[in-house]
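All chains are named by letter (A, B, ...) in the order of the sequence lines, taking the proteins before the strands, and each is independently numbered beginning at 1.
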2 protein chains.
Amino acid sequence: MIFDLDLRSRDPIYQQLVDKFKELIISNILKQDEQLPSVRVLAQQLTINPNTIQKAYRELESQGYIYSVKGKGSFVDATAQVENRAALKEIEGELMKLMKEAMFLGLDKSDLKKLVDQAKEESGGGIAND
Amino acid sequence: MIFDLDLRSRDPIYQQLVDKFKELIISNILKQDEQLPSVRVLAQQLTINPNTIQKAYRELESQGYIYSVKGKGSFVDATAQVENRAALKEIEGELMKLMKEAMFLGLDKSDLKKLVDQAKEESGGGIAND
DNA sequence: CAACTGTACTAATAAGACTAATACGGTTAT
DNA sequence: ATAACCGTATTAGTCTTATTAGTACAGTTG
(Lines give C-alpha, C1' and ligand atoms only; values in the text may rest on other atoms or scores of the structure.)
Protein backbone atom coordinates (compact mmCIF):
# COMPACT_ATOMS: atom_id res chain seq x y z
CA MET A 1 0.00 0.00 0.00
CA ILE A 2 1.89 3.01 -1.25
CA PHE A 3 0.75 6.56 -0.64
CA ASP A 4 2.62 9.62 -1.73
CA LEU A 5 1.11 12.21 0.54
CA ASP A 6 1.96 15.85 0.15
CA LEU A 7 2.04 17.23 3.64
CA ARG A 8 2.52 20.74 2.32
CA SER A 9 -0.45 20.67 -0.01
CA ARG A 10 -3.42 22.96 0.55
CA ASP A 11 -5.50 19.82 0.27
CA PRO A 12 -5.93 18.32 3.74
CA ILE A 13 -4.26 14.98 4.35
CA TYR A 14 -7.54 13.24 5.03
CA GLN A 15 -8.85 14.50 1.68
CA GLN A 16 -5.80 13.16 -0.12
CA LEU A 17 -6.39 9.82 1.55
CA VAL A 18 -10.03 9.82 0.50
CA ASP A 19 -9.02 10.52 -3.09
CA LYS A 20 -6.35 7.83 -3.11
CA PHE A 21 -8.66 5.18 -1.75
CA LYS A 22 -11.40 6.19 -4.16
CA GLU A 23 -8.99 5.74 -7.04
CA LEU A 24 -7.90 2.35 -5.78
CA ILE A 25 -11.50 1.23 -5.36
CA ILE A 26 -12.73 2.65 -8.64
CA SER A 27 -9.90 1.08 -10.58
CA ASN A 28 -10.64 -2.19 -8.81
CA ILE A 29 -7.15 -2.46 -7.35
CA LEU A 30 -8.88 -2.77 -4.01
CA LYS A 31 -11.57 -5.36 -4.52
CA GLN A 32 -14.98 -5.89 -2.98
CA ASP A 33 -14.86 -6.73 0.74
CA GLU A 34 -11.08 -6.43 0.77
CA GLN A 35 -9.85 -5.14 4.10
CA LEU A 36 -8.23 -1.75 4.35
CA PRO A 37 -5.24 -1.24 6.63
CA SER A 38 -6.33 -0.53 10.17
CA VAL A 39 -6.49 3.01 11.41
CA ARG A 40 -3.52 2.56 13.69
CA VAL A 41 -1.33 0.59 11.31
CA LEU A 42 -1.79 3.03 8.46
CA ALA A 43 -1.20 5.96 10.78
CA GLN A 44 2.07 4.43 11.86
CA GLN A 45 3.13 3.67 8.29
CA LEU A 46 2.44 7.22 7.15
CA THR A 47 3.65 8.76 10.42
CA ILE A 48 0.49 10.77 10.80
CA ASN A 49 -2.17 10.83 13.48
CA PRO A 50 -4.71 7.99 13.71
CA ASN A 51 -7.47 10.60 13.95
CA THR A 52 -6.63 11.78 10.46
CA ILE A 53 -7.01 8.25 9.09
CA GLN A 54 -10.24 7.87 10.97
CA LYS A 55 -11.57 11.06 9.43
CA ALA A 56 -10.72 9.79 5.96
CA TYR A 57 -12.38 6.43 6.62
CA ARG A 58 -15.48 8.12 8.02
CA GLU A 59 -15.70 10.20 4.86
CA LEU A 60 -15.24 7.17 2.63
CA GLU A 61 -17.94 5.37 4.56
CA SER A 62 -20.40 8.24 4.29
CA GLN A 63 -19.80 8.28 0.55
CA GLY A 64 -20.47 4.58 0.34
CA TYR A 65 -17.02 3.44 -0.74
CA ILE A 66 -16.24 1.39 2.34
CA TYR A 67 -17.98 -0.03 5.36
CA SER A 68 -16.51 -0.34 8.81
CA VAL A 69 -17.24 -2.89 11.49
CA LYS A 70 -16.24 -2.33 15.07
CA GLY A 71 -13.69 -4.88 16.18
CA LYS A 72 -13.16 -6.24 12.66
CA GLY A 73 -11.99 -3.51 10.36
CA SER A 74 -12.86 -1.43 7.29
CA PHE A 75 -13.69 -3.03 3.98
CA VAL A 76 -14.30 -2.05 0.38
CA ASP A 77 -17.94 -1.58 -0.57
CA ALA A 78 -18.14 -1.34 -4.33
CA THR A 79 -21.78 -2.32 -4.50
CA ALA A 80 -24.86 -0.24 -4.95
CA GLN A 81 -22.94 2.77 -6.17
CA VAL A 82 -25.72 3.40 -8.62
CA GLU A 83 -28.01 4.45 -5.82
CA ASN A 84 -25.85 7.43 -5.03
CA ARG A 85 -27.90 9.92 -7.02
CA ALA A 86 -26.91 13.00 -5.07
CA ALA A 87 -23.21 12.37 -5.51
CA LEU A 88 -23.73 11.79 -9.20
CA LYS A 89 -25.51 15.10 -9.65
CA GLU A 90 -22.67 16.91 -7.93
CA ILE A 91 -20.10 15.24 -10.11
CA GLU A 92 -22.04 16.06 -13.24
CA GLY A 93 -22.04 19.71 -12.21
CA GLU A 94 -18.31 19.71 -11.66
CA LEU A 95 -17.77 17.95 -14.93
CA MET A 96 -19.79 20.57 -16.79
CA LYS A 97 -17.78 23.35 -15.22
CA LEU A 98 -14.45 21.76 -16.06
CA MET A 99 -15.50 20.87 -19.58
CA LYS A 100 -16.52 24.44 -20.28
CA GLU A 101 -13.25 25.70 -18.93
CA ALA A 102 -11.31 23.16 -20.97
CA MET A 103 -13.13 24.28 -24.12
CA PHE A 104 -12.42 27.88 -23.31
CA LEU A 105 -8.74 26.99 -23.04
CA GLY A 106 -8.68 25.43 -26.45
CA LEU A 107 -10.02 21.89 -26.30
CA ASP A 108 -12.90 20.95 -28.56
CA LYS A 109 -15.62 18.35 -28.37
CA SER A 110 -13.60 15.60 -30.00
CA ASP A 111 -10.73 16.17 -27.59
CA LEU A 112 -13.08 15.75 -24.67
CA LYS A 113 -14.70 12.68 -26.12
CA LYS A 114 -11.25 11.15 -26.47
CA LEU A 115 -10.78 11.78 -22.77
CA VAL A 116 -14.03 9.94 -22.12
CA ASP A 117 -12.78 6.91 -24.01
CA GLN A 118 -9.47 7.06 -22.21
CA ALA A 119 -11.16 7.27 -18.81
CA LYS A 120 -13.24 4.25 -19.73
CA GLU A 121 -10.19 2.26 -20.68
CA GLU A 122 -8.23 3.16 -17.57
CA SER A 123 -11.00 2.29 -15.17
CA GLY A 124 -13.94 -0.02 -15.49
CA GLY A 125 -13.35 -0.58 -19.17
CA GLY A 126 -10.63 -3.13 -18.73
CA ILE A 127 -11.61 -4.56 -15.39
CA ALA A 128 -15.28 -4.45 -14.57
CA ASN A 129 -16.15 -6.18 -17.80
CA ASP A 130 -13.97 -9.23 -17.58
CA MET B 1 -23.71 42.00 -11.33
CA ILE B 2 -25.28 39.40 -9.11
CA PHE B 3 -23.29 37.07 -6.93
CA ASP B 4 -24.75 34.50 -4.62
CA LEU B 5 -21.85 33.96 -2.28
CA ASP B 6 -22.01 31.29 0.36
CA LEU B 7 -20.17 32.72 3.32
CA ARG B 8 -20.45 29.44 5.17
CA SER B 9 -18.98 27.34 2.41
CA ARG B 10 -15.70 25.50 2.92
CA ASP B 11 -14.67 27.15 -0.33
CA PRO B 12 -13.04 30.51 0.43
CA ILE B 13 -14.91 33.59 -0.72
CA TYR B 14 -12.12 34.65 -3.04
CA GLN B 15 -12.26 31.23 -4.67
CA GLN B 16 -15.99 31.52 -5.20
CA LEU B 17 -15.44 34.90 -6.81
CA VAL B 18 -12.77 33.47 -9.10
CA ASP B 19 -15.15 30.72 -10.18
CA LYS B 20 -18.04 33.11 -10.78
CA PHE B 21 -15.97 35.46 -12.89
CA LYS B 22 -14.50 32.58 -14.84
CA GLU B 23 -17.98 31.37 -15.66
CA LEU B 24 -19.07 34.83 -16.75
CA ILE B 25 -15.99 35.21 -18.95
CA ILE B 26 -16.15 31.71 -20.40
CA SER B 27 -19.81 32.06 -21.26
CA ASN B 28 -19.04 35.42 -22.83
CA ILE B 29 -21.44 37.29 -20.57
CA LEU B 30 -18.48 39.47 -19.69
CA LYS B 31 -16.93 40.42 -23.00
CA GLN B 32 -13.39 41.17 -24.06
CA ASP B 33 -11.96 44.34 -22.48
CA GLU B 34 -15.14 44.90 -20.49
CA GLN B 35 -14.37 46.51 -17.17
CA LEU B 36 -14.95 44.62 -13.96
CA PRO B 37 -16.36 46.38 -10.92
CA SER B 38 -13.65 48.09 -8.93
CA VAL B 39 -12.21 46.40 -5.91
CA ARG B 40 -13.80 48.85 -3.51
CA VAL B 41 -17.21 49.04 -5.18
CA LEU B 42 -17.62 45.30 -5.38
CA ALA B 43 -16.46 44.92 -1.81
CA GLN B 44 -19.11 47.37 -0.70
CA GLN B 45 -21.83 45.67 -2.76
CA LEU B 46 -21.02 42.28 -1.33
CA THR B 47 -20.25 43.64 2.13
CA ILE B 48 -16.94 41.88 2.25
CA ASN B 49 -13.41 43.17 2.58
CA PRO B 50 -11.67 44.80 -0.41
CA ASN B 51 -8.64 42.60 0.24
CA THR B 52 -10.74 39.54 -0.56
CA ILE B 53 -11.76 41.01 -3.91
CA GLN B 54 -8.19 41.94 -4.61
CA LYS B 55 -7.07 38.40 -3.92
CA ALA B 56 -9.68 37.09 -6.35
CA TYR B 57 -8.64 39.57 -9.05
CA ARG B 58 -4.99 38.73 -8.54
CA GLU B 59 -5.80 35.07 -9.02
CA LEU B 60 -7.85 35.77 -12.14
CA GLU B 61 -5.02 37.84 -13.53
CA SER B 62 -2.44 35.16 -12.85
CA GLN B 63 -4.66 32.68 -14.66
CA GLY B 64 -4.96 35.01 -17.63
CA TYR B 65 -8.66 35.75 -17.40
CA ILE B 66 -8.35 39.46 -16.69
CA TYR B 67 -5.73 42.17 -16.78
CA SER B 68 -5.46 45.04 -14.33
CA VAL B 69 -4.12 48.51 -14.87
CA LYS B 70 -3.22 50.74 -11.98
CA GLY B 71 -5.42 53.78 -11.86
CA LYS B 72 -7.77 52.49 -14.55
CA GLY B 73 -9.31 49.21 -13.49
CA SER B 74 -9.53 45.48 -14.20
CA PHE B 75 -10.68 44.18 -17.57
CA VAL B 76 -11.62 40.92 -19.23
CA ASP B 77 -8.83 39.21 -21.13
CA ALA B 78 -10.33 36.42 -23.19
CA THR B 79 -7.44 36.27 -25.63
CA ALA B 80 -4.56 33.87 -25.84
CA GLN B 81 -6.16 31.33 -23.59
CA VAL B 82 -4.76 28.66 -25.83
CA GLU B 83 -1.26 29.36 -24.59
CA ASN B 84 -2.14 28.23 -21.10
CA ARG B 85 -0.78 24.73 -21.50
CA ALA B 86 -0.09 24.08 -17.84
CA ALA B 87 -3.62 24.95 -16.78
CA LEU B 88 -5.00 22.72 -19.52
CA LYS B 89 -2.98 19.74 -18.34
CA GLU B 90 -4.26 20.21 -14.82
CA ILE B 91 -7.83 20.40 -15.99
CA GLU B 92 -7.44 17.29 -18.09
CA GLY B 93 -6.22 15.44 -15.02
CA GLU B 94 -9.18 16.58 -12.98
CA LEU B 95 -11.53 15.66 -15.78
CA MET B 96 -10.12 12.15 -15.96
CA LYS B 97 -10.54 11.69 -12.25
CA LEU B 98 -14.13 12.90 -12.27
CA MET B 99 -15.05 10.90 -15.36
CA LYS B 100 -13.76 7.72 -13.77
CA GLU B 101 -15.72 8.44 -10.64
CA ALA B 102 -18.85 9.20 -12.64
CA MET B 103 -18.53 5.91 -14.48
CA PHE B 104 -18.05 4.08 -11.21
CA LEU B 105 -21.28 5.66 -10.00
CA GLY B 106 -23.21 4.43 -12.98
CA LEU B 107 -22.69 6.71 -15.95
CA ASP B 108 -21.43 5.23 -19.19
CA LYS B 109 -19.51 6.63 -22.12
CA SER B 110 -22.55 7.86 -23.97
CA ASP B 111 -23.81 9.69 -20.91
CA LEU B 112 -20.52 11.51 -20.61
CA LYS B 113 -20.43 12.35 -24.29
CA LYS B 114 -23.85 13.88 -23.95
CA LEU B 115 -22.43 16.06 -21.20
CA VAL B 116 -19.70 17.14 -23.58
CA ASP B 117 -22.26 18.22 -26.15
CA GLN B 118 -24.25 20.01 -23.49
CA ALA B 119 -21.20 21.85 -22.24
CA LYS B 120 -20.44 22.93 -25.77
CA GLU B 121 -23.93 24.29 -26.25
CA GLU B 122 -24.01 26.19 -22.99
CA SER B 123 -20.69 27.92 -23.54
CA GLY B 124 -18.76 28.61 -26.68
CA GLY B 125 -21.15 26.66 -28.83
CA GLY B 126 -23.76 29.33 -29.15
CA ILE B 127 -21.61 32.38 -28.71
CA ALA B 128 -18.05 32.06 -29.87
CA ASN B 129 -19.13 30.83 -33.27
CA ASP B 130 -21.49 33.58 -34.28
C1' DC C 1 -6.54 69.18 -6.87
C1' DA C 2 -10.27 65.76 -6.18
C1' DA C 3 -11.96 61.37 -6.90
C1' DC C 4 -11.43 57.49 -8.73
C1' DT C 5 -8.53 53.18 -9.94
C1' DG C 6 -5.08 49.04 -8.46
C1' DT C 7 -1.50 47.57 -5.16
C1' DA C 8 1.02 46.65 -0.81
C1' DC C 9 1.65 46.01 3.94
C1' DT C 10 0.83 44.94 8.81
C1' DA C 11 -1.97 43.33 12.58
C1' DA C 12 -5.96 40.96 14.62
C1' DT C 13 -9.58 37.57 14.45
C1' DA C 14 -11.97 33.17 13.25
C1' DA C 15 -12.19 28.69 11.46
C1' DG C 16 -10.44 24.40 10.45
C1' DA C 17 -6.81 20.77 9.92
C1' DC C 18 -3.88 18.19 12.50
C1' DT C 19 -1.75 16.32 16.62
C1' DA C 20 -1.90 14.23 21.12
C1' DA C 21 -3.63 11.57 24.74
C1' DT C 22 -7.05 8.82 26.50
C1' DA C 23 -10.98 5.94 26.78
C1' DC C 24 -14.71 2.78 25.44
C1' DG C 25 -16.71 -1.22 23.01
C1' DG C 26 -16.58 -5.24 19.83
C1' DT C 27 -13.88 -9.29 17.70
C1' DT C 28 -10.66 -13.01 17.52
C1' DA C 29 -7.30 -16.44 18.81
C1' DT C 30 -4.82 -18.59 22.31
C1' DA D 1 -10.95 -15.06 29.98
C1' DT D 2 -7.37 -12.49 28.55
C1' DA D 3 -4.30 -10.46 25.39
C1' DA D 4 -4.10 -8.26 21.01
C1' DC D 5 -6.17 -6.63 17.66
C1' DC D 6 -10.11 -3.73 15.45
C1' DG D 7 -13.32 0.95 15.03
C1' DT D 8 -15.11 4.90 17.55
C1' DA D 9 -15.43 9.02 20.54
C1' DT D 10 -13.92 12.99 23.15
C1' DT D 11 -11.15 16.73 24.71
C1' DA D 12 -7.49 19.96 24.33
C1' DG D 13 -3.62 22.37 22.09
C1' DT D 14 -1.08 23.87 17.99
C1' DC D 15 -0.66 25.62 13.43
C1' DT D 16 -2.19 27.36 9.15
C1' DT D 17 -5.10 30.08 6.45
C1' DA D 18 -9.07 32.91 5.13
C1' DT D 19 -10.89 37.10 6.27
C1' DT D 20 -11.22 41.56 8.24
C1' DA D 21 -9.44 46.12 9.33
C1' DG D 22 -6.77 50.07 8.71
C1' DT D 23 -3.49 52.56 6.36
C1' DA D 24 -0.60 53.94 2.77
C1' DC D 25 1.34 54.47 -1.92
C1' DA D 26 1.02 54.97 -7.05
C1' DG D 27 -1.30 55.83 -11.48
C1' DT D 28 -5.50 57.93 -14.13
C1' DT D 29 -9.02 61.17 -15.15
C1' DG D 30 -11.75 65.39 -15.19
Side-chain angles (χ1 to χ4, degrees), chain A residues 1 3-22 24-25 30 32-77, chain B residues 1 3-22 24-25 30 32-77:
Chain A
M1 197 78 66
F3 292 95
D4 50 332
L5 295 180
D6 181 3
L7 300 180
R8 299 169 194 164
S9 168
R10 330 87 190 107
D11 280 350
I13 297 176
Y14 80 92
Q15 188 60 58
Q16 295 182 46
L17 285 171
V18 169
D19 289 343
K20 293 286 178 194
F21 275 112
K22 272 191 183 180
L24 292 174
I25 294 172
L30 288 179
Q32 174 70 20
D33 295 318
E34 182 169 342
Q35 184 165 8
L36 274 62
S38 84
V39 168
R40 291 173 181 80
V41 167
L42 187 54
Q44 201 170 11
Q45 278 185 8
L46 303 178
T47 58
I48 59 181
N49 196 282
N51 292 336
T52 305
I53 311 287
Q54 187 193 346
K55 185 164 188 178
Y57 281 12
R58 195 188 310 145
E59 176 70 16
L60 283 167
E61 185 170 23
S62 81
Q63 292 187 30
Y65 284 87
I66 69 173
Y67 62 93
S68 297
V69 184
K70 234 186 291 187
K72 301 192 70 174
S74 300
F75 308 87
V76 174
D77 182 9
Chain B
M1 196 78 66
F3 292 96
D4 50 330
L5 294 180
D6 181 3
L7 299 180
R8 298 169 194 166
S9 168
R10 330 85 191 110
D11 281 350
I13 297 177
Y14 81 92
Q15 189 60 58
Q16 295 182 45
L17 285 170
V18 168
D19 289 345
K20 293 288 178 192
F21 275 112
K22 273 191 184 180
L24 293 174
I25 293 172
L30 289 179
Q32 174 70 20
D33 295 319
E34 182 170 341
Q35 183 166 8
L36 275 63
S38 84
V39 168
R40 291 174 181 79
V41 167
L42 186 55
Q44 201 171 10
Q45 279 186 8
L46 302 178
T47 58
I48 59 181
N49 195 280
N51 292 336
T52 306
I53 312 287
Q54 187 192 347
K55 184 164 186 177
Y57 280 13
R58 193 189 308 143
E59 178 70 16
L60 284 167
E61 186 171 21
S62 82
Q63 291 188 30
Y65 284 86
I66 68 173
Y67 61 94
S68 297
V69 184
K70 233 186 289 187
K72 301 191 69 174
S74 300
F75 308 87
V76 174
D77 182 9

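With hydrogens and angles ignored, a donor-acceptor pair closer than 3.5 Å exists between the side chain of A:R40 and the base of D:dG7.
At the phosphate of D:dG7, neither OP1 nor OP2 sits under 4.0 Å from any side-chain N or O atom of A:S68.
For A:Y57 and C:dC18, the OH to C1' distance is 17 Å, given to the nearest whole Å. Residue B:L42 contributes atom CG, which lies 10 Å from atom P of C:dG6 at whole-angstrom precision. When the P atom of D:dT28 is taken as reference, atom CZ of B:F75 falls 12 Å away, rounded to whole Å. Distance CG (A:D6) to C1' (C:dA17): 15 Å, rounded to an integer number of Å. When the C1' atom of D:dG7 is taken as reference, atom CD1 of A:I66 falls 10 Å away, rounded to whole Å. At whole-Å resolution of the value, OH in A:Y67 and P in D:dC6 are 16 Å apart. At whole-Å resolution of the value, CG in B:L36 and P in C:dT7 are 12 Å apart. Between A:K70 atom NZ and D:dA4 atom P the separation is 22 Å, expressed in whole Å.
Remark: B:L5 CG to B:T47 OG1 distance equals 8.5 Å, nearest 0.5 Å. To the nearest 0.5 angstrom, A:R40 atom CZ is 12.0 Å from A:I53 atom CD1. Between the CD atom in A:E34 and the CD atom in A:Q32 there is a gap of 10.5 Å [rounded to 0.5 Å]. Atoms OG1 and CG, on A:T52 and A:L17 in that order, are 8.0 Å from each other to the nearest 0.5 Å. Between atom CG of residue B:L42 and atom CD of residue B:Q44 there is a gap of 10.5 Å, rounded to the nearest 0.5 Å. The CG atom of A:L60 sits 8.5 Å away from atom OG of A:S68, with the distance rounded to the nearest 0.5 Å.
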Distances for protein N or O near nucleotides 13-16 of chain D N or O, under 3.5 Å:
none

Using atom names, set out every protein N or O paired with an N or O of nucleotides 17-19 of chain D below 3.5 Å, distance rounded to 0.1 Å.
unit_1: D:dA18; atom_1: OP2; unit_2: B:K55; atom_2: NZ; d: 3.2
unit_1: D:dT19; atom_1: OP1; unit_2: B:I13; atom_2: N; d: 2.1
unit_1: D:dT19; atom_1: OP2; unit_2: B:Y14; atom_2: N; d: 3.4

Listing time: all N or O pairs from protein to nucleotides 10-12 of chain D that are below 3.5 Å?
none

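Comparing A:K72 and A:L7 by the nucleotide of DNA chain C whose heavy atom lies nearest to each, the residue mapping closer to the 5' end is A:L7.
When side chains are defined from C-beta on, B:D33 counts as touching B:Y67, because their heavy atoms get closer than 4.5 Å. Using a 4.5 Å cut-off on side-chain heavy atoms (C-beta onward), B:I66 and B:F21 make no contact. Taking 4.5 Å as the limit, every side-chain heavy atom of B:V76 sits out of range of all side-chain heavy atoms of B:Q35.
A donor-acceptor contact shorter than 3.5 Å is absent between the side chain of B:Q54 and the backbone of B:V39. In this structure, the side chain of B:Q16 engages the main chain of B:D6 through a donor-acceptor pair within 3.5 Å.
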